[in-house]
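Here is the structure we will look at, set down as structure tokens.
Here the structure is a predicted model, which is why all the values come from computation and not from measurement. Heads up: numbering here begins at 1 and tracks the sequence. Quick note: numbers below take in every heavy atom, side chains included, and nothing from hydrogens, waters or symmetry partners.
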Amino acid sequence: MTEKTTIHRGLMTDAIHAGESPDPVTGASAPGIVMSTAFIADAGTSFSAEDFGDGTPYLYSRWKNPTVDQLEQKLAVLEGAEAAVAFGSGMAAITALLLYNLSAGDHLIISDVSYAATTEMTDELIPRLGISVTKVDMSKPENVRNAIRPNTRLIYAETPANSILRLTDIEAIAGIARETGSKFAVDATFASPLGVHPLDLGADYVVHSLTKYICGHGDAIGGAVLGKKEDMAGIRKGIAIRTGGILSPFNAWLIQRGAATLPLRMKAHEEGALAVARFLEDHPKVTRVIYPGLASHPQHALACRQLKNFSGMLTFQVADGARAAKIIADRLSIIHYAVSLGHVRSLVFYLSTEDMLRTSFRMTPAQEQSYRAFAGNGIFRLSVGLEDPSDLCADLEYALAGIP
């Protein structure tokens, strides 16, 4: 057999090949799916998670599975992490991260604007476990520093933030975390591994909803936490195996297939979003556009410094958002009026200010006032897909023309 040499590989090569190799039995080039829940074991093999470790053989797919392993290896390479743990959804990944790092009596600092389910969980479930939560505007690092307590164990940021695309200076917050002995986690779903590597900027963990850009096709739900090998082993053994929020091998296979084209897709998402953002910014019925790639974004300088790809997410506002939402939904023909993001198809959804505030009853009056000043009467969140940008602009032009 010819000896193979190890060479430096680029991102596009890693997106395709990392974690994968030809099947040793069949020679199949494309990875297969191992759907078995159980595997043949040696007599006397332990079935206690206490004995789980690197050398544990495949035994039961709640513990580990060959197809999920392949995806985790690919994700770790793409994110520059020592290891990854995949979950059945992004929220399962976030829940595991919080439960691994926090116990009764601990303190969590989290962005006051986050994904709705993250917001609701840290408003309700996490405090019920005896964990105190402080929500701050993380666009200003001093807000995080001022919120630090002796029992602060975790700082959790989401950048760009869902859904107002507010940015957090990862390097600055990582420095605060190191100084105070706290761990720092970043949900980088909106950016994708093509946009930013939080671990390289000092974060301890990075979280992704694999459902979004990494899968990229809107047909599989999944999530992942990435970081140091020791921490990932603890999350797998202490949380994933015991709580059971695991990823289906079939979904892992779909997400792995989507990840192979991530570099190409993210380039196209960025190009399309910039074209659509510029079109909307010039439209007379659009009152505001927020996109990190526009010079008008209030943190454009940070975006240029921190993001290698501005992604495909933007938000825009019109004079009467609630009334316009039905008109726009009825008149669109290419863009789907639907939740979620990161798909090949463009998706738009209206988020009212009241709905957004209802998911975060732990905002202070000042934070609520700041959010209202930004969001006005609500925002449209637009995930720009891979359609021709000119077609998307024409679709939006027709939809907006229906607004009185």
Side-chain angles (χ1 to χ4, degrees), residues 11 72 75-87 90-91 93-102 106-115 118 122 133-145 147-148 152-162 165-210 212-214 223-236 239 292 299 302-309 311:
L11 187 59
E72 290 175 344
L75 294 173
V77 171
L78 290 176
E79 195 57 72
E82 291 183 7
V85 181
F87 291 87
M91 282 310 303
I94 293 167
T95 301
L97 174 70
L98 296 178
L99 293 180
Y100 174 70
N101 282 278
L102 299 167
D106 290 342
H107 176 231
L108 165 69
I109 299 175
I110 188 169
S111 172
D112 60 355
V113 177
S114 299
Y115 177 56
T118 305
T122 52
V133 179
T134 300
K135 303 203 170 188
V136 302
D137 176 352
M138 289 196 179
S139 65
K140 299 176 181 178
E142 61 269 25
N143 291 343
V144 176
R145 186 180 295 279
I148 291 286
T152 302
R153 296 291 175 264
L154 182 68
I155 302 169
Y156 187 99
E158 190 178 290
T159 185
N162 187 351
L165 301 174
R166 193 174 68 192
L167 305 180
T168 295
D169 188 330
I170 297 172
E171 199 165 17
I173 304 300
I176 295 171
R178 282 194 302 273
E179 290 173 21
T180 59
S182 305
K183 294 289 187 179
F184 180 35
V186 175
D187 182 336
T189 296
F190 269 37
S192 92
L194 269 292
V196 67
H197 281 171
L199 302 178
D200 290 344
L201 298 175
D204 298 287
Y205 306 100
V206 60
V207 176
H208 283 286
S209 171
L210 303 177
K212 313 306 192 299
Y213 283 114
I214 294 175
V225 181
L226 303 96
K228 293 186 182 301
K229 186 176 180 180
E230 180 182 0
D231 287 320
M232 295 307 101
I235 287 176
R236 186 186 306 280
I239 308 296
Q299 296 170 287
L302 173 60
C304 291
R305 186 174 81 246
Q306 183 165 278
L307 296 173
K308 297 177 182 177
N309 180 289
S311 192

What are the two closest heavy atoms between Glu79 and Pro198, and how far apart are they?
OE2-CD, 3.4 Å

Write down the atom of Ala224, the atom of Ala93, and the distance for their closest heavy-atom approach.
N-CB, 3.6 Å

For the CE atom of Met138 and the CD1 atom of Ile173, what is their distance to the nearest 0.5 Å?
6.5 Å

His107 meets the side chain to side chain contact (heavy atoms under 4.5 Å, CB included) criterion, sequence neighbours left out, with Ile109, Ser132, Thr134, Arg149, Asn151, Thr152

Glu142 atom CD, over 12 foreign heavy atoms within 6.0 Å
yes

Hey, could you give me the OG1/NZ distance between Thr189 and Lys212, rounded to the nearest 0.5 Å?
6.5 Å

Going by heavy atoms in the side chains, are Ile235 and Phe87 under 4.5 Å from each other?
yes

Do side-chain atoms of Asp204 reach the backbone of Lys183 as a donor and acceptor pair under 3.5 angstrom?
no

Could you check whether any side-chain heavy atom of Leu11 comes within less than 4.5 Å of a side-chain heavy atom of Leu194, counting everything from C-beta outward?
yes

Kindly indicate, with the supporting measurements, whether the criterion side-chain contact (heavy atoms from CB on, under 4.5 Å) is fulfilled by Ile94 and Tyr156.
CA-CA 10 Å; Ile94 293 167; Tyr156 187 99; 3.3 Å; yes

Counting distance only, does the side-chain N/O of His197 pair as donor-acceptor with the main-chain N or O of Leu78 below 3.5 Å?
yes

Using a strict 4.0 Å threshold on nitrogen-to-oxygen distance, state whether Glu171 and Arg305 make a salt bridge.
no

Close side-chain approach of Pro292 and Leu307, heavy atoms under 4.5 Å
yes

How far apart are the closest heavy atoms of Glu72 and Ala86, and which atoms are they?
OE2-N, 2.8 Å

Could you check if a side-chain atom of Tyr213 sits within less than 4.5 angstrom of a side-chain atom of His208, using non-hydrogen atoms only?
no

Supply the atom-to-atom distance Thr122 OG1 to Ile110 CD1, rounded to the nearest 0.5 angstrom.
4.0 Å

Of the non-hydrogen atoms in Ala174 and Ala203, which two are nearest, and what is the gap between them?
CB-N, 4.1 Å

So CZ of Arg166 and NZ of Lys140: to nearest 0.5 Å the spacing works out to 9.5 Å

Check Gln299 against Ser139 and note the closest heavy-atom contact, atom names and distance.
NE2-CB, 3.5 Å

I need the Leu199 CG to Glu82 CD distance, nearest 0.5 Å.
9.0 Å

Audit row: Gln306, Thr159, side-chain contact (heavy atoms from CB on, under 4.5 Å) steps and yes/no:
CA-CA 10 Å; Gln306 183 165 278; Thr159 185; 4.1 Å; yes

Going by the side chain to side chain contact (heavy atoms under 4.5 Å, CB included) test, name the single residue among Val207, Val206, Val85 that passes it with Leu97.
Val207

Selection residues 152-161 - residue pairs positive for salt bridge (Lys or Arg N to Asp or Glu O under 4.0 Å), sequence neighbours left out:
Asp106-Arg153

Test your reading of the model: is there a side-chain donor-acceptor pair from Thr168 to the backbone of Ile170, 3.5 Å cut-off?
no

Give the C-alpha distance, both sets of side-chain angles, the deciding distance and a yes or no for side-chain contact (heavy atoms from CB on, under 4.5 Å) between Phe184 and Leu201.
CA-CA 11 Å; Phe184 180 35; Leu201 298 175; over 6 Å; no

Check whether Ser311 reaches the backbone of Phe190 with its side chain - one donor and one acceptor, N or O, closer than 3.5 Å.
yes

When you look at Val225 and Tyr100, which way does the side-chain contact (heavy atoms from CB on, under 4.5 Å) test go after all the steps?
CA-CA 11 Å; Val225 181; Tyr100 174 70; over 6 Å; no

When rounded to the nearest 0.5 angstrom, what distance separates OG in Ser114 from CG in Asp187?
8.0 Å

Does Ile155 reach the side chain of Ile148, with side-chain heavy atoms less than 4.5 Å apart?
yes

